[in-house]
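Step one of this worksheet: look at the structure below.
Worth knowing before you read on, the calculation uses all heavy atoms, side chains too, and leaves out hydrogens, waters and symmetry mates. Below, chains carry the letters A, B, ... as their sequence lines are ordered, and counting in each starts from 1.
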Amino acid sequence: MAKKDNLSERLSKIDNRVIFLLLAICLGLPLLIPIGLPLGISTGTSSFYKYVEGLPSGSLVACVYEISASVSPEVYPQAVAVTAHLKSRNLKIVALGFSVTGPMFADNAFRDVFGASREHELYGKSFVNLGYIAGGEAAMKVFATNPRMVEKDFYGRDTKDMQILQEVSSPKDFKLMIVYSGDWMEPYVRQFGDPHGVPIASGVTSTIVPRIMAFYPAKIKGYLTGLRGAAEYELLVKRPGSALGGMDAQSAAHLLIIGLVIAGNAGYLVGRFRRKEA
Amino acid sequence: MQQTPCGLIYQLFTVCVGDDLLEIAKGTLSCLVLLAACSILMIIMLYAARKGRVPKIRKIPAVDAIDEAIGRATEMGRPVHYSTGTGDFYGYDAMVTIAGISVLGYVAKKIAQYNTPLIVTFMSPEVEPVVADVVKQAYLAAGRPDAFKPDMIRFISQRQFAYATGVIGILNREKVAANVMIGHFMGEAMIIAEAGYMAGAVQIGGTANTIQLPFFVAACDYTLISEEVYAAGAYLSKDPLQLGAVAGQDWARLVGVVLIGIGTILATLGVTWVADILKL
Amino acid sequence: MKIKLPLAITTIILVLMVADYFVKDPLLNPLVRDLTKAILIMTACAVGIGVIRLIKLNVDRITVRKTNRLESAITLIAFAAFVIVGAILGSGHPNYAYMFNTIIVPLDSTMFALSGFYMASAAYRAFRARSEEAFVLLLAGVVVMLGQAPVGEVLWSATPSLSQWIMDVPNTAGVRALIMGIAIGMLSLTIRMITGHEKGYLASGE
């Protein structure tokens with residue numbers, strides 16, 4: 001009897017260090033020994049992909065990199081997969097960031113997809129990195145009224161004569177605004193979506209998706225959900241990368257957490273039942 | 001135009017704004033009307049409270065728990081940690097930061113009365129002078145100006161996770177008994193809240209960032225959910241006028257509920273009047 | 001005056017900014033645009049405040065308080081390195097990008113990854129079926145977690161659609177309600193501020 005009581009108590013009070021160790025094993029092992037579970041495409045990713053596919057060739061797309069270093073493992077693979085898709089559709093990319101680190105990831109994405117950034121022959125014609133625009137939502141408001149406000153790009157070059165920017169005179173010239181973010185999306189809906197009717201799509205961390213759903217599909221045309229969204233997009237554009245490689249680890253970790261929750265509840269309910277009996 | 005009072009007001013109006021009437025931006029008329037209606041409701045309730053009709057506000061358990069948490073810390077002789085989060089005064093997080101600082105004023109005054117150690121942390125440096133002033137004034141109001149120490153106000157870093165690690169260090173080293181986090185929080189919310197739990201502190205969390213609310217609910221003992229953060233200052237002050245404005249908040253919400261209800265029923269029946277009016 | 005002047009400034013700017021959103025006027029819109037640019041300049045100055053504060057804090061630790069001197073020295077050296085490289089070469093230079101990608105990115109992402117571990121322990125502790133509502137929450141959480149991982153579809157083919165339904169219907173309804181509530185709460189706080197009844201942040205001592 002005492003042994004069974006101890007078991008239910010132990011199940012409901014597992015030491016945090018044991019949880020951390022198990023989670024580390026569940027995350028690390030599938031990265032070393034991949035399983036290769038099949039992956040379906042979710043609604044948000046499908047909407048995102050179809051919207052980009054539907055854009056006419058040569059359309060201007062604004063890519064706002066709100067990626068901080070902390071969320072980059074989740075969101076950066078999305079940016080790479082989407083940039084590859086935009087390149088394959090001959091869409092023109094105007095990259096910018098309202099956070100300090102965003103343009104650095106834009107530069108990384110261009111290097112990963114185009115092979116180079118500012119040195120590329122198409123830089124300034126097919127893609128450009130406008131760099132960091134300080135000021136948060138106030139800066140978004142100013143940019144929305146004057147997208148040519150940035151006089152020097154991320155690399156310090158003059159933007160006045162850049163071919164790609166000759167087509168930009170108002171936010172309506174952007175056929176799509178893609179926001180890669182680890183934070184809120186509302187400022188973009190407030191400053192670009194509502195007043196100027198710019199369609200918005202987003203690549204975000206999984207924790208933000210519940211909030212994105214409130215604006216989908218009226219204001220936000222499609223969304224990518226964290227690492228899974230990146231993996232799905234990599235499948236769609238046939239460019240496997242780190243996101244697809246992380247799916248097995250994600251599966252194992254989720255199963256572990258569910259198992260722990262079930263174990264904790266089992267211990268709790270058995271304990272409660274025994275206390276009632278006593 | 002006749003020289004009636006209305007005519008004169010109209011003439012004055014057109015002189016001020018030009019010959020044409022103001023052009024309302026497309027798609028914002030219904031928002032303007034709703035904003036005006038909700039504001040008027042709140043102002044009416046505020047001034048009704050001034051006339052003596054003070055509304056009863058339901059208990060907010062998380063706010064009531066602040067006193068308990070301070071009492072616990074006092075008994076244990078351990079400090080209270082208060083965080084206003086990662087917000088500043090110029091972004092979308094400004095309002096919730098202000099709400100957090102309002103509650104800080106109350107907490108600091110209470111702590112000053114009990115002579116409990118207080119540690120206040122925040123991420124944005126421009127918040128520091130306001131926070132320092134609020135705490136200092138609270139100690140002054142409690143009659144204990146000598147007990148205020150500038151060391152209570154600790155700027156750690158402007159970087160999110162550097163700030164989080166600094167707070168974790170404080171929670172563990174100082175053996176904090178109560179951890180109150182009211183303000184704008186992002187990814188560090190979970191880390192700080194769980195670290196506070198592991199340090200054995202009683203925790204009260206509150207944020208308007210719906211993304212982080214589930215983490216607070218999971219890790220904190222009490223949570224202020226969305227608009228409770230904005231009502232907390234009024235609730236604690238017990239100022240009848242502020243409570244009136246909070247009641248106005250509920251009336252405004254009722255307007256929204258009625259519109260949603262009517263619009264949903266009509267839309268289900270294929271009538272889109274409400275949706276069309278709201279698109280104006 | 002200490003209270004009335006900031007309140008007056010707040011109210012005037014509030015009215016102008018709100019009016020700009022709703023009204024198209026050849027006088028008002030450019031005025032607010034210029035005001036917004038002024039806010040941008042103030043924001044940029046705020047970044048400077050952070051830098052000065054950081055330097056002062058760490059120099060104090062090394063010279064006056066003599067605590068955590070090594071950590072403060074590392075902070076200042078790293079700060080100086082990034083500023084010097086960034087100022088001389090520019091933040092778009094490959095060398096600066098190398099420093100960013102090899103130092104900042106791994107450090108920041110490691111810290112954020114900690115939240116995953118903490119979430120596991122918090123979920124284990126918090127997801128207990130103490131009541132009917134808690135049980136429903138637990139069930140919804142399990143279904144959404146399974147829906148997020150490929151293994152969910154392998155275990156049961158309906159998991160993704162069930163998870164999507166939970167996100168589309170109850171979650172969206174709740175989040176929209178929360179967002180509306182927050183907006184109304186902000187409006188209430190604004191009205192309390194401009195009518196002078198919310199003075200907690202002004203440190204008036206009242």
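- Looking at I225(B), the atoms closer than 4.5 Å to chain C (heavy atoms on both sides) all sit in the side chain, from C-beta outward.
- Counting only distance, with no hydrogens or angles, the side chain of T11(C) and the backbone of L7(C) share a donor-acceptor pair below 3.5 Å.
- Contacts between V51(C) and chain B at a heavy-atom distance below 4.5 Å involve the backbone alone (N, CA, C, O).
- Proximity to chain C is limited to the backbone of I156(B), based on heavy atoms less than 4.5 angstrom apart.
- For L46(B), the part lying near chain C is the side chain, with the backbone staying farther off; criterion is any non-hydrogen pair under 4.5 Å.
- Remark: R159(B) engages D108(C) in a salt bridge, criterion side-chain N to carboxylate O under 4.0 Å.
- Residue contact with chain B, scored on non-hydrogen atoms closer than 4.5 Å, involves the backbone and the side chain of Y21(C) alike.
- If you measure heavy-atom distances from R53(C) to chain B, the contacts under 4.5 Å come from both the backbone and the side chain.
- The pair R154(B)-E128(B) does not meet the salt-bridge criterion, since no charged nitrogen lies less than 4.0 angstrom from a carboxylate oxygen.
- Partner of I12(C) under the side-chain contact (heavy atoms from CB on, under 4.5 Å) criterion, out of L14(C), L16(C), I9(C), V15(C): L16(C) alone.
- When heavy atoms are compared at a cutoff of 4.5 Å, Q158(B) approaches chain C solely by way of its side chain, counted from C-beta outward.
- Of the atoms belonging to Y106(B), not a single heavy atom falls under 4.5 Å from chain C.
- In this structure, chain C has heavy atoms under 4.5 Å from both the backbone and the side chain of I191(B).
- Salt bridge annotation for R253(B)-D250(B): present, with a cationic side-chain nitrogen under 4.0 angstrom from a carboxylate oxygen.
- In this structure, chain B has heavy atoms under 4.5 Å from both the backbone and the side chain of S121(C).
- Interface remark: M180(C) contributes side-chain atoms only to the contact with chain B (heavy atom separation under 4.5 Å).
- If you measure heavy-atom distances from M45(B) to chain C, you find no contacts under 4.5 Å at all.
- Aromatic ring centres of F185(B) and F215(B) lie farther apart than the 6.0 Å criterion allows.
- Taking the ring centroids of Y96(C) and F82(C), they lie under the 6.0 Å cut-off.
- Contact annotation for D151(B): only side-chain heavy atoms (C-beta onward) come within less than 4.5 Å of a heavy atom of chain C.
- Within the 3.5 Å criterion, the main-chain N or O of Y124(C) finds a donor-acceptor partner in the side chain of R128(C).
- For a residue to count as touching a neighbouring chain, one of its non-hydrogen atoms must lie under 4.5 Å from one of that chain's; by this rule R50(B) touches chain C with the side chain only.
- Looking at A234(B), the atoms closer than 4.5 Å to chain C (heavy atoms on both sides) sit in the backbone and in the side chain alike.
- The residue among E227(B), M198(B), E194(B) with the most heavy atom pairs within less than 4.5 Å of chain C is E194(B).
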